[in-house]
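To start, the structure itself, in structure tokens.
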Amino acid sequence: MSGIYIHIPFCKQACHYCDFHFSTSMGKKDAMLSAIKRELVLRKGEFKNEVVATIYFGGGTPSVLSTEEIQGIINSVYANYSVVERPEITLEANPDDLSEDKIRALSKSPINRLSIGVQSFFEEDLKMMNRAHNSKEAKKSLEIATHYFSNISIDLIYGLPGMSNQRWEENIALALSFGVPHISSYALTVEPKTALANFIKKGIIKPVDDEVASAHFNILLREMEANGLDAYETSNFGKPGFYSENNTAYWLGKKYIGVGPSAHSYDGIRRGWNINNNAKYVKALANDQLPMEVEVLSETDRYNEYVMTGLRTIWGVSLTRIYSDFGANFHKYLLQQAEKHIKQELLVVENDTLLTTKKGKFLADGIASDLFMINLSE
Ligand code: SF4
């Protein structure tokens with residue numbers, strides 16, 4: 001089973017923390033949609049032996065598109081690829097785009113999962129992040145969306161400067177009050193060259209505090225467990241049957257084609273990434289060229305990726321798979337490197353699988369980098 005990711009590179013305004021690829025100028029939207037459809041046609045050969053199980057509209061803000069425009073892209077997927085009978089089709093959507101009319105129209109389209117970018121229900125947080133919606137819109141969109149869709153995910157950000165534990169608890173409680181079966185929640189990270197980084201440098205916003213983020217993460221784990229949402233990945237929590245199929249496939253190393261500017265692709269051996277420039281992307285596709293760079297992953301790259309994603313998920317890192325796919329040296333190296341983390345009770349081996357403990361979950365990325373193989377000859 002494989003997936004198709006569609007990057008819609010438009011946003012109404014720039015959130016202060018964001019380093020994704022997007023443009024706030026929508027003048028070239030039609031040309032962009034034509035280019036995305038063209039890319040779907042040009043790349044269909046890559047999936048001639050694959051069946052698409054998930055289609056994911058990410059961005060950017062895909063909900064700036066009309067339902068007809070979204071339907072047009074889905075039609076292109078169906079016209080060029082084999083698709084399972086009931087694919088998971090997700091649309092990332094922002095609350096300010098989700099009027100009742102829009103939600104109703106989306107519910108009649110093939111979209112069957114909404115991932116709503118709430119981030120916080122508090123006005124001061126939303127303003128600090130420069131989100132395009134306000135608290136009232138966030139709540140209203142969820143009230144309506146839960147009426148039309150059963151498969152909904154809410155995005156929340158924690159560790160915001162000035163966010164108390166209590167405010168974070170209230171945010172989680174509000175999200176859960178809508179009865180959604182899935183929550184994605186990330187610690188605020190300060191990416192270089194963002195407005196947030198600049199504000200922190202100038203002292204306008206307080207720096208992000210790792211201890212606050214860690215406390216918020218523990219609150220998140222506690223509340224998700226208490227409310228029956230499994231922590232199936234460091235940042236993703238879902239009721240059984242509502243894990244994101246798209247993301248799960250990605251973490252399990254399944255193939256996917258990413259179309260649109262800046263989108264990434266993976267075929268099990270190679271990773272590709274499209275140019276992150278809207279004008280150049282559109283121009284290349286107008287000439288039937290794929291503006292993509294490709295790298296063949298080395299054995300070391302594949303090992304490192306597996307360790308990284310494995311430690312973030314409940315599926316962990318299978319030691320048997322490490323041995324069979326990468327050989328005895330990698331297996332030995334992994335166990336050697338893991339030893340100190342096992343002693344510190346950050347990692348544990350269960351059923352021949354290396355897993356992060358509750359205590360280690362928040363530190364999964366740092367622990368993984370300690371287990372990486374560094375190949376100096378590459
Ligand atoms: S809406 Fe999403 S993609 Fe757009 S600027 Fe904000 S965080 Fe970035």
Side-chain angles (χ1 to χ4, degrees), residues 5-29 32-33 36 56-66 69-70 73 90-99 102-103 106 111 113-138 140-142 145 152-161 163 171 175 182-200 205 208 213 235-236 244 246-247 258-264 273-278 281:
Y5 171 81
I6 299 143
H7 190 85
I8 304 299
F10 300 112
C11 291
K12 285 186 184 160
Q13 63 188 52
C15 300
H16 284 159
Y17 57 89
C18 180
D19 76 338
F20 292 140
H21 171 68
F22 66 92
S23 163
T24 50
S25 147
M26 268 177 252
K28 300 260 161 46
K29 192 174 71 171
M32 177 59 70
L33 296 181
I36 285 173
Y56 191 99
F57 286 86
T61 312
S63 56
V64 296
L65 300 184
S66 69
E69 288 166 334
I70 294 165
I73 296 176
T90 304
L91 180 80
E92 287 183 355
N94 280 347
D96 45 302
D97 292 323
L98 292 177
S99 64
K102 176 84 168 247
I103 294 173
L106 286 171
I111 300 285
R113 183 171 184 272
L114 288 182
S115 172
I116 303 181
V118 171
Q119 316 310 353
S120 173
F121 289 98
F122 289 86
E123 224 58 81
E124 50 267 63
D125 297 338
L126 295 169
K127 286 211 175 89
M128 193 269 276
M129 293 188 275
N130 201 37
R131 296 289 305 181
H133 65 274
N134 59 34
S135 169
K136 202 170 148 205
E137 284 170 318
K140 182 94 186 138
S141 68
L142 281 163
I152 292 179
S153 179
I154 293 180
D155 276 2
L156 292 176
I157 298 184
Y158 58 88
L160 299 179
M163 181 188 252
N171 250 334
H182 192 280
I183 287 180
S184 294
S185 188
Y186 300 85
L188 181 70
T189 49
V190 185
E191 303 295 345
K193 294 190 193 144
T194 55
L196 179 65
N198 195 25
F199 292 149
I200 291 175
I205 291 180
V208 170
S235 304
N236 284 277
S244 160
N246 174 76
N247 294 1
V259 298
S262 84
H264 285 218
W273 56 96
N274 285 350
I275 193 162
N276 60 356
N277 177 302
N278 286 5
Y281 172 82

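Remember, it's 1-based here, ligands and their atoms both numbered in the order they're listed. Heavy-atom basis, side chains included; hydrogens, waters and symmetry copies ignored.
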Applying side chain to side chain contact (heavy atoms under 4.5 Å, CB included), can you list everything that pairs with F122, at least two apart in sequence or on another chain?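 F122 satisfies side chain to side chain contact (heavy atoms under 4.5 Å, CB included) with S120, E124, D125, R167, E170, N171 once adjacent residues are dropped.
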S115: side-chain hydrogen bond (donor to acceptor under 3.5 Å, both in side chains) partners, not counting sequence neighbours: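 Counting only residues at least two positions away or on another chain, S115 forms no side-chain hydrogen bond (donor to acceptor under 3.5 Å, both in side chains).
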What are the atoms of ligand 1, with element, lying closer than 4.0 Å to any heavy atom of Q13?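 By the 4.0 Å cutoff, the relevant atoms are 5 (S).
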Can you list the ligand 1 atoms lying under 4.0 Å from a non-hydrogen atom of N94?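 By the 4.0 Å cutoff, the relevant atoms are 1 (S).
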Could you tell me whether the side chains of N94 and S63 share a donor-acceptor contact shorter than 3.5 Å?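 Short answer, no.
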Between E137 and S135, is any side-chain donor less than 3.5 angstrom from a side-chain acceptor?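 Absent: no donor and acceptor within the cut-off.
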If you look only at pairs with a residue in residues 7-22, which of them pass as a salt bridge (Lys or Arg N to Asp or Glu O under 4.0 Å), with sequence neighbours excluded?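 Listed once each, the pairs are K12-D96, K12-D97.
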Can you find a non-hydrogen atom of R131 under 4.0 Å from ligand 1?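 Yes, that is the case, since the closest heavy atom of the residue is under 4.0 Å from the ligand.
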Sphere of radius 2.8 Å around atom 8 (Fe) of ligand 1 - protein N, O or S atoms inside: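 As for protein N, O or S atoms lying under 2.8 Å from atom 8 (Fe) of ligand 1, they are C18 SG.
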Please work out which of the three classes, parallel, tilted or perpendicular, describes the rings of H264 and W273, given edges at 30° and 60°.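 The arrangement is tilted - the two ring planes meet at 30° to 60°.
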Step-by-step side-chain contact (heavy atoms from CB on, under 4.5 Å) determination, L160 to M128: CA-CA 9 Å; L160 299 179; M128 193 269 276; 3.9 Å; yes
